[in-house]
Amino acid sequence: MTDIKRVRDETFKKLDLNENNSGVYNGKWLEFNRNNSIESVSPIDGTFLSRISTATESDYDKTIEIISRAFVEWSETPAPSRGMIIKKISDRILEFKEDLGKIVSMEAGKVTSEGQGEIQEMVDIGYFSMGISRQIYGNTMASERPKHRLFEQYVPLGPIGIISAFNFPSAVWSWNSFLAAVVGDTSVWKPSSKVALTSVAVMKIISKVVEEESLPPIFALVNGSGKIIGDLMSGDRRLPLISFTGSVKTGKNIATKVSGRLGKTILELGGNNCAIVSEKCDMNIALKGVAFGAMATAGQRCTSTRRVVINQKIYDEFIGKLKKIYENVKIGNPLENGVLVGPLIDNDAVSNYFAAIETAKKQGGKLLYGGSKHGNGNYVLPTIIEAEEGMSITRDETFAPILYAFKYSDFEEAVRIHNDVPQGLSSTIFTNDLREEEYFLSARGSDCGIANVNTSTAGAEIGGAFGGEKDTGGGRESGSDAWKSYMRRQTVTKNFGNDVPLSQGVRFNID
Ligand code: UN1
């Protein structure tokens, strides 16, 4: 059995962490205050990891002032130079990948390779952002007026706010903060209180680079509750953009508050991701893709596969083989070799798992596999439930490894079942039939922000834009041109003639 205390002590030494850590950074680490702190406890076995102090209202206020001032200097730094700073930060994160990954594993319960993968995702978006720093472009249009030039440019937006969830405790922050930084914004980060330690570990490394480079504080950290700090951020006109990752319910509250002051949001809310398994699929690929999507991170990804719609001709064979995979998958301490399914994040998550299974049964669902705890603590068996259309529980996102299996007879029916949920983040189809693929990728097909073919709903690369439709909130983060969301678009008309000709042929003769 890997001893968590030993791993904690070893990584703490390397990452300059302690039993008591300040959780507020705004160019300097504010003093630790025990009366205003949260405890980080490992979901692996309840081991105490650290106490992290939180921001008071006045700490918060000062922090926003500081990053607002830093914005002035940073936004005037040439973008490629900003990119080189993010490269340096990414190199440094890479040096500490193993230890940071262990912190993620200990605090969020991710298995070793996923903990490491989370840190790799930070490095990937960092290098991507460096590339973007030389690609901040705008369009030039033909002006209808003589001796005029018409173009648009993207201008840094200001200090921005990032509120992140427990399940990707560092990668999703870096998707936002690194892009924001290369386009010239400063940012403040409020992480989920469940993973405060990871935020401190990451910020310790980053703040060192920022200080070595004598930069203004371009990244700030304010640990604290969503009710207090999240609410202050949503209402704060000094933050023109709030990027929020989390539940639909909280996202709606934040969106309402931010739009009440006509601020911008990037929302990445719930997913209820589905895989269609056609009778024309490669069964091995479909099994691997569904098993990873449904069980990885113990079903606690926004992109987790929560529903599978299987052609009736192969339903029994597919479910039979999937159950075998479920039976053989190793559940337990995520730092142990070979373990693929770690714990749920906390007791509430375990209760939600059981409540969803009970509701599913009441609504007519048939338990095919799982449905119970695995040993002591927050460990549960990944679960498969045979479901019927119309079971309302299958329309909810339960952050646990529960997979609802549906049967279909014709392809259009499969797509209808697939789309019949409020959320629209990720989706996939397993088929070797080009017509089915293309139908799935057409306007009548998947209504999600991410639509895959022959691979899992989970595990997106950073190079594409990430986000979803409907209740998922419509935001796009990470790759492609998501950088534009962190800037304001400005249309510019320049006159280099000797007169002032007007557009639309309007005359205004004052001579
Ligand atoms: C999330 O769950 O909020 O695509 C992000 C994936 C990861 C990111 C998930 N790269 O599963």
Side-chain angles (χ1 to χ4, degrees), residues 101 104 107-111 113-129 162-179 189-192 194-195 198-199 243-248 250-251 254 265-275 288-306 340-342 344-345 349 397-401 403 423-428 446 448-453 455-469 471-480 482:
V104 170
E107 195 178 37
K110 294 195 182 197
V111 298
S113 87
E114 290 191 49
Q116 304 290 311
E118 165 112 22
I119 307 306
Q120 186 59 47
E121 196 158 348
M122 298 182 79
V123 175
D124 292 345
I125 192 70
Y127 293 154
F128 174 87
S129 300
I162 303 162
I163 305 176
S164 60
F166 82 84
N167 64 331
F168 274 80
S170 59
V172 171
W173 168 73
S174 63
W175 290 355
N176 286 279
S177 62
F178 289 177
L179 277 183
W189 178 17
K190 195 214 88 63
S192 157
K194 295 174 186 175
V195 285
T198 302
S199 73
S243 175
F244 172 76
T245 309
S247 72
V248 174
T250 310
I254 288 178
T265 49
I266 298 174
L267 300 173
E268 201 249 285
L269 312 179
N272 191 348
N273 318 298
C274 183
K288 281 187 180 162
V290 170
F292 169 73
M295 289 192 283
T297 328
Q300 299 171 105
R301 291 192 189 207
C302 296
T303 51
S304 293
T305 308
R306 310 209 176 278
L340 292 182
V341 178
L344 292 179
I345 187 73
E397 178 192 44
T398 304
F399 239 48
L403 181 68
Q423 309 83 350
L425 179 56
S426 186
S427 59
T428 189
S446 163
C448 296
I450 298 169
N452 296 338
V453 178
T455 189
S456 173
T457 59
E461 301 174 21
I462 56 92
F466 184 96
E469 304 301 327
D471 273 5
T472 304
R476 290 295 184 276
E477 299 169 317
S478 185
S480 183

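Count residues from 1 along the sequence. Atoms within each ligand, like the ligands themselves, are counted from 1 in listed order.
For the pair Arg301 and Phe168, the minimum side-chain heavy-atom distance is below 4.5 Å.
Protein residues having a heavy atom under 4.0 Å from any atom of ligand 1 are Glu121, Asn167, Phe168, Trp175, Glu268, Arg301, Cys302, Thr303, Ala458, Gly459, Ala460, Phe466, listed by chain and number.
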> What's the verdict on side chain to side chain donor-acceptor pair (under 3.5 Å) for Glu121 and Ser174, showing C-alpha distance, side-chain angles and the deciding distance?
Replying inline: CA-CA 8 Å; Glu121 196 158 348; Ser174 63; over 6 Å; no
> When you look at Cys448 and Leu425, which way does the side-chain contact (heavy atoms from CB on, under 4.5 Å) test go after all the steps?
Replying inline: CA-CA 5 Å; Cys448 296; Leu425 179 56; 5.9 Å; no
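No side-chain donor from either of Glu268 and Thr472 sits under 3.5 Å from a side-chain acceptor of the other.
Listed by chain and residue number, nothing satisfies the side-chain hydrogen bond (donor to acceptor under 3.5 Å, both in side chains) test with Glu397 (two or more places apart in sequence, or in another chain).
Using the six-membered ring where Trp is involved, Phe399 and Phe166 have ring planes that are perpendicular, over 60° apart on the 30 and 60° scheme.
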